S.K.: 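Here it is, the structure, as structure tokens.
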Amino acid sequence: MENSKLFIQLDESDNVLLATQSLAAGTLLHIAGQEIKLEKDLGLGFKIASCNIMRGEKIIKCGVSIGSATSNISIGELIHLHNLQSDYVPTYTIQNQRQYGK
Amino acid sequence: MESSEWLGYSRSDGRKGIRNVVLVAYLVECAHHVSTKIARVFDDRDVQVIGFGGCYPNTHADKVMGQLCTHPNVGAVLLVSLGCESFDRFGLAERIQESGRSVSTVVIQEIGGTRKAIEKGQSWVQGALSDLKSTLRTKMSMKDLIVGTICGGSDATSGISANPAVGRVFDYLVALGATAIFEETGEMIGFEDHLAERAKTPALAAELSDCIGKAANYYATMGHASFAPGNADGGLTTMEEKSLGAYSKSGKSKISGLLKPGDVPKHNGLYLLDVVPDGEPRFGFPNINDNAEISELMACGSHIILFTTGRGSVVGSPIAPVMKICANPETYHRMAEDMDVNAGKIITGASSIDEVAAEILHKMVDTAAGRPTASELLGHQEFVLLYKSFEPALCDEASREGDA
């Protein structure tokens, strides 16, 4: 795997890579033969797509589904709550608490 | 490790403890302040406060209070009652006495108010502390230990470093004949099939699977899962992703049984503690914070708690030492005084999962032998106990001794 020090793929069936350290915006990533510039700062443990992912596709980490993509996601793009949702229960954050009326 | 032995405290009910605490237990919130004032003048590692805040009866709270007041790490108990609450203080005192521990009850309304209750309580605790100095010591080994695990303040590193390392420790403990308990069935949503495959019997497999289904239903009714905003700030997204990390604490051993809060395992092995109430959701969020889960792990007899954290939890407990295993190397460096083990070394590549697991085991034995953990040194003793209701577990390996 490229950038092996900056990212880790936990299972070969995964479509996400995890940052093994905090990375600054502008860092050049080499993924699947492509050079991609990191758009935003990426925290330790955060995920980026290791391939292009279609809306509705499962996000696979460590070989299991952690939810579904809510939009098309390009290779190298951050995967977080703006483009991924649970298949079981909604995720509560301070930003979306009004939405859930809590 | 197989041959590790240390000196514990021998209780006349046959159990063995790794601490020798005097508990001050309030039986309603109205007696909380008096209890805190009683305990405050003593060293906070020798005298600890627990209690139940509710004024109205609850079988679950009775059972948990009974188990905590007769926990192997507890040597003596002072009950503090206002006087008009529903808690059966006579029944609890009787049960503590039957376990061979010394017990006394201060009733604030009978003794004449706050000041007199505090004076009476402090003088009793003073006597209990000096009596406990002569508690019989006894050899303990891994086979005598019950170890609980919990994760709190999780982030995306928890599931990569600290949780798998604790999973490795759990496999080792089970192989050595210890008893290991994992919990938070709401954090196993998505893993019900994996859990069921690890059950020792088909009946248990069905029970485990049902119990995760119940949790999913309960949390859906509450409107959200066991997921805090800090989890998302730390790189986690969905309940499934959090579950993935949390589940890895349980290791790979076969599961021997399902416990409800207050069930003490009769045999060694690996157990799942079901923390989500049975019946229709009616008591609010199943576990309002990490300490609510720690209370229930202790009520199942856990001598020691392995607590993994990524964001950086600082909490402790009044009865069972809490060891902090920090998953995130950046958090570890920011909050080192609160941490016992730096599992972030797995992420930086400085150590393997096996090496960190070995370090946890060594420190766990030291803790059992009396060395204070980071949270003990800092005086942490958070405690929460809430209203809940449970049906007995079906698969029997757990004892029913908490059911009076």
Side-chain angles (χ1 to χ4, degrees), chain A residues 4-11 13-23 40-49 53 58-71 73 78-102, chain B residues 154-164 186-194 212-213 215-245 247-248 285 310-311 327-333 344 346-349:
Chain A
S4 59
K5 289 230 161 103
L6 302 184
F7 289 96
I8 182 171
Q9 183 169 0
L10 294 175
D11 187 88
S13 65
D14 290 3
N15 52 15
V16 297
L17 299 171
L18 274 58
T20 55
Q21 53 184 273
S22 297
L23 297 173
K40 291 180 182 167
D41 290 351
L42 193 68
L44 168 60
F46 279 66
K47 298 171 287 300
I48 58 168
I53 298 170
K58 301 285 186 204
I59 304 297
I60 307 295
K61 174 181 169 183
C62 208
V64 297
S65 166
I66 59 167
S68 302
T70 54
S71 60
I73 303 172
L78 172 69
I79 296 182
H80 203 54
L81 290 167
H82 63 294
N83 55 12
L84 162 63
Q85 72 179 17
S86 169
D87 295 322
Y88 287 80
V89 278
T91 299
Y92 161 80
T93 65
I94 290 174
Q95 286 73 31
N96 70 10
Q97 59 186 308
R98 285 187 190 152
Q99 183 190 332
Y100 294 116
K102 300 286 167 188
Chain B
S154 297
D155 69 12
T157 64
S158 303
I160 309 171
S161 58
N163 292 353
E187 292 174 0
M188 275 149 223
I189 293 172
F191 288 81
E192 45 276 13
D193 297 340
H194 296 257
I212 309 305
N217 174 53
Y218 203 106
Y219 282 101
T221 308
M222 294 297 121
H224 53 80
S226 168
F227 194 101
N231 297 143
D233 296 340
L236 294 174
T237 53
T238 59
M239 198 56 233
E240 298 94 297
E241 187 177 20
K242 189 175 174 182
S243 294
L244 170 61
Y247 181 62
S248 65
F285 210 69
R311 302 289 289 168
N328 185 322
E330 294 171 3
T331 304
Y332 182 81
H333 289 115
I346 295 166
I347 289 170
T348 56

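Just so it is clear: chains get the letters A, B, ... in the order the sequence lines come, proteins before strands, and each one is counted from 1. What you see is a predicted model, and the numbers here were worked out from it, not measured in a lab.
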S.K.: Answer with side chain, backbone, both or neither: which region of A:Leu18 has an atom nearer than 4.5 Å to a non-hydrogen atom of chain B?
M.R.: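 It is the side chain, since no backbone atom gets that close.
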
S.K.: For residues B:Thr237 and A:His80, report the shortest heavy-atom separation together with the two atoms involved.
M.R.: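 Smallest interatomic distance, heavy atoms only, reads CG2-ND1, 3.4 Å.
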
S.K.: For residues A:Phe46 and B:Ala156, report the shortest heavy-atom separation together with the two atoms involved.
M.R.: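 Scanning both residues, the minimum pair turns out to be N-CB, 4.4 Å.
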
S.K.: Could you tell me the separation between the CD1 atom of B:Ile160 and the CD1 atom of A:Ile8, rounded to the nearest 0.5 Å?
M.R.: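 Result: 6.5 Å between the selected atoms.
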
S.K.: Begin with the C-alpha distance, continue with both residues' side-chain angles, and end with the deciding distance and a verdict on side chain to side chain contact (heavy atoms under 4.5 Å, CB included) for B:Thr238 and A:Tyr88.
M.R.: CA-CA 9 Å; B:Thr238 59; A:Tyr88 287 80; over 6 Å; no

S.K.: If you count heavy-atom pairs under 4.5 Å between each of B:Thr348, B:Asn231, B:Leu236 and chain A, which one has the most?
M.R.: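 Sorted descending by pairs with chain A, the first entry is B:Leu236.
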
S.K.: Among residues at least two apart in sequence or on other chains, which ones pass salt bridge (charged side-chain N to carboxylate O under 4.0 Å, His left out) with A:Lys40?
M.R.: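 Not a single residue meets the salt bridge (charged side-chain N to carboxylate O under 4.0 Å, His left out) criterion with A:Lys40.
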
S.K.: At a heavy-atom distance under 4.5 Å, which candidate from A:Lys47, A:Gln21, A:Gln85 has the highest pair count against chain B?
M.R.: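 So the answer, after comparing A:Lys47, A:Gln21, A:Gln85, is A:Lys47.
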
S.K.: Measuring only between side-chain heavy atoms, which start at C-beta, is B:Glu240 closer than 4.5 Å to A:Asp87?
M.R.: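 In short, these two side chains touch, coming nearer than 4.5 Å.
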
S.K.: Hey, what do you get for CD (B:Glu241) to CD1 (A:Ile59), rounding to the nearest 0.5 Å?
M.R.: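 B:Glu241 atom CD to A:Ile59 atom CD1 measures 10.0 Å (nearest 0.5 Å).
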
S.K.: Do the side chains of A:Leu44 and B:Pro329 get nearer than 4.5 Å, heavy atoms only?
M.R.: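 Heavy-atom side-chain distance check passes, below 4.5 Å.
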
S.K.: A:Ser22 and B:Glu330: which non-hydrogen atoms are nearest, and at how many Å?
M.R.: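 For A:Ser22 and B:Glu330, the tightest heavy-atom pair comes out as OG-OE2, 2.9 Å.
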
